[in-house]
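These figures come from a predicted structure and were not determined experimentally. One-based numbering, in listed order, for ligands and for the atoms of each.
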Amino acid sequence: MIENEKECFQLHSSMAEAKSLFKERFEQPLRGVSPEDAEQRLKSGRHLVDFQKIEFPEEELRKLFDDFYTVLKGFEFHEVAEVETLKAAVEAGELNWGSLVKRIYCGDPDFLSSLGERLGVGVDLLTYLGTNLGNPFFEMYAGELQGKVDLEDWLRGSCPLCGSEAAFAKLRRDDGKRILWCQFCGTEWGYPRIKCPFCATENHKKLRYLFTEEEKRYRVYLCDECKRYIKTIDEREIPEEEKSNLSFENLRTVYLDILAEKDGYRRQNSRERAPV
Ligand SMILES: [Zn+2]
Ligand SMILES: [Zn+2]
């Protein structure tokens with residue numbers, strides 16, 4: 001979307017700011033999930049929230065999209081024309097942001113590719129916008145429920161809050177512990193380092209990682225059992241004063257996705273939902 005690294009960071013910061021202002025302004029009750037539901041789900045071994053049940057206030061999503069649009073226009077964003085197409089489709093009632101967000105959360109590549117084709121908009125852009133539109137809502141729910149689960153000890157590859165697959169990981173600075181990150185609700189949780197987050201194999205012969213000489217702070221963990229991979233930042237390799245922001249690290253390391261995919265590994269298994 002944007003090649004220049006500095007611009008990419010600025011865009012990311014501006015989008016993050018738009019999302020955080022949106023959350024500050026948002027005053028409606030969070031519908032569709034109750035703490036009692038969450039307790040119940042947890043007891044039966046499931047993640048806390050089923051975002052399928054959330055009612056997204058379409059009006060609010062439109063406002064947030066307008067904020068994004070204002071941000072994107074300020075950058076050399078290649079797909080501004082496509083963003084305008086989407087804006088027009090929403091205004092004409094051909095597209096509903098709430099359902100797009102849900103489709104992305106549930107993983108429905110067929111829906112995205114046929115929508116993209118119909119409107120002449122790339123799937124990457126749809127995913128980018130849909131994920132960003134969903135973020136403030138998912139984060140607000142996660143914020144309300146987070147204390148209910150022990151994040152150090154969840155021990156699954158899918159998010160304890162929303163059940164999505166881990167999208168990125170870090171090796172924590174203090175103790176080298178592996179922490180997985182959810183791109184929807186921003187939750188971070190602990191997971192063993194020698195275990196695949198996707199198929200749970202612990203067979204060390206099937207697990208390895210690669211890194212590039214240029215940027216040793218990043219690793220790509222590969223699993224030869226399920227042919228999946230997860231990008232990871234080793235915080236011990238970055239200066240003390242530098243804080244890692246996994247959402248940004250994820251964006252800026254697209255070259256590692258290309259590297260892993262070229263070797264036949266898949267990143268997201270968007271068709272199948274993560275195990276509940
Ligand atoms: Zn999540
Ligand atoms: Zn695996």
Side-chain angles (χ1 to χ4, degrees), residues 16 19 23 30 32-33 35 37-38 41-42 45-54 56 101-107 127 130-170 178-210 219-232 245-247 249-250 257 260-261 263-276:
K19 289 188 278 189
K23 282 197 283 188
L30 294 170
V33 171
D37 270 354
R41 292 178 61 86
L42 197 57
R46 289 174 296 170
H47 58 265
L48 289 173
V49 193
D50 180 2
F51 281 131
Q52 276 291 63
K53 290 193 180 152
I54 293 181
F56 288 99
V101 171
K102 282 188 187 181
R103 297 282 192 151
I104 289 168
Y105 163 68
C106 296
T127 308
T131 308
N132 277 286
L133 284 169
N135 281 156
F137 290 93
F138 295 143
E139 288 165 11
M140 284 189 282
Y141 280 97
E144 276 200 6
L145 298 170
Q146 212 153 53
K148 296 198 176 297
V149 58
D150 181 357
L151 298 173
E152 287 287 315
D153 201 26
W154 175 246
L155 303 180
R156 285 191 221 168
S158 55
C159 174
L161 268 297
C162 75
S164 304
E165 290 183 333
F168 203 90
K170 70 177 178 192
R178 185 195 220 177
I179 306 291
L180 304 181
W181 172 75
C182 171
Q183 64 178 332
F184 292 101
C185 69
T187 298
E188 296 183 6
W189 69 99
Y191 194 76
R193 214 193 289 187
I194 312 211
K195 185 171 182 177
C196 171
F198 307 108
C199 73
T201 188
E202 293 175 292
N203 181 351
H204 62 91
K205 287 188 190 136
K206 299 275 184 186
L207 300 166
R208 63 192 174 97
Y209 68 86
L210 57 84
R219 295 179 178 185
V220 185
Y221 281 81
L222 307 163
C223 173
D224 282 316
E225 187 71 44
C226 65
K227 297 305 254 183
R228 307 283 305 275
Y229 72 93
I230 186 160
K231 295 185 292 183
T232 302
N245 174 318
L246 301 191
S247 170
E249 307 296 350
N250 188 28
D257 294 299
E261 277 160 20
D263 279 352
Y265 295 90
R266 282 174 309 122
R267 180 187 204 180
Q268 234 124 17
N269 207 10
S270 31
R271 162 57 65 201
E272 293 142 46
R273 292 280 287 114
V276 286

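At least one cation-pi condition fails for Arg266 and Phe198: the charged atom is not both under 6.0 angstrom from the six-membered ring centre and inside a 45 degree cone around its axis.
Angle SG(Cys162) to the Zn ion (ligand 1) to SG(Cys159): 110° [nearest 10 degrees]. The angle subtended at the Zn ion (ligand 2) by SG of Cys199 and SG of Cys196 is 110°, given to the nearest 10°.
In the displayed structure, Lys53 atom NZ is contacted under 6.0 Å by at most 12 heavy atoms of other residues, nucleotides or ligands. Heavy-atom neighbours of Ile194 CD1 from other residues, nucleotides or ligands within 6.0 Å: at or below the threshold of 12.
Partner of Pro160 under the side-chain contact (heavy atoms from CB on, under 4.5 Å) criterion, chosen from Val49, Leu151, Asp150: Leu151.
Inclusion of His47 in the first shell of the Zn ion (ligand 1) is not supported: no N, O or S atom falls under 2.8 Å.
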